[in-house]
Amino acid sequence: MVFLREEKEAVVFKVHVQPRAARNELAGLHEDALKIRLTAPPVGGEANEALRVFLARLLGIPRSQVEIAAGQKGRSKLIRVKGIAAGRILSLLETTTGARNNG
């Protein structure tokens, strides 16, 4: 199960990013984090920005509502999404990942 907690007007969850992938996609779970493959390289903040754009599109929200709260320089990151319910994120993630584990 993905680590997820609600904060005041935000939801926080973990992701594990694989940069320089063939395509941008959800790739299941990596331990307690959502695994996301991104085509962007991990230089100059490109992968971080690609992650924000990818999650915003996936959730149907503005990119400004997606923040990398921790892990800007590593593959493991803590994401804070403002203005969305935890249930919406959980159901979307479970549907999209098929509750599989590719860790």
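Index from 1, following the sequence.
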Starting from V15, can I reach I68 by hopping between I/L/V/M/F/W/Y residues whose side chains sit under 4.5 Å apart?
yes
Taking all non-hydrogen atoms of both residues, which atom of T39 and which atom of R23 are closest, and how far apart?
CG2-CA, 3.4 Å
Nearest 0.5 Å, please: how far is CD in E25 from CD1 in I36?
10.5 Å
Shortest non-hydrogen pair, P19 vs P42, comes out as CB-CD, 3.8 Å
Interatomic distance, K14 atom NZ to H16 atom NE2 [nearest 0.5 angstrom]:
12.5 Å
Is the side chain of Q65 donor-acceptor paired with the backbone N or O of K82 at a distance under 3.5 Å, no angle test?
yes
Side chains of V66 and F54: does their closest heavy-atom pair fall under 4.5 Å?
no
Any donor and acceptor pair, going by atom type alone, linking the side chain of D32 with main-chain N or O of F3 inside 3.5 Å?
no
State, yes or no, whether a side-chain contact exists between I79 and L51 at a heavy-atom distance under 4.5 Å.
yes
Would you say L4 and L59 are hydrophobically clustered, going by side-chain heavy atoms of ILVMFWY under 4.5 Å?
yes
For I84 and V11 the tightest heavy-atom approach is O-CG2, 3.2 Å
Nearest 0.5 Å, please: how far is CG in L58 from CG in L34?
8.0 Å
Candidate list R80, K77, R52, test salt bridge (charged side-chain N to carboxylate O under 4.0 Å, His left out), partner E67, passing option:
R80
Taking all non-hydrogen atoms of both residues into account, name the closest pair between L38 and N24 and its distance.
CA-OD1, 3.1 Å
Please round to the nearest 0.5 Å and tell me the distance separating atom NZ of K73 and atom CG of N48.
10.0 Å
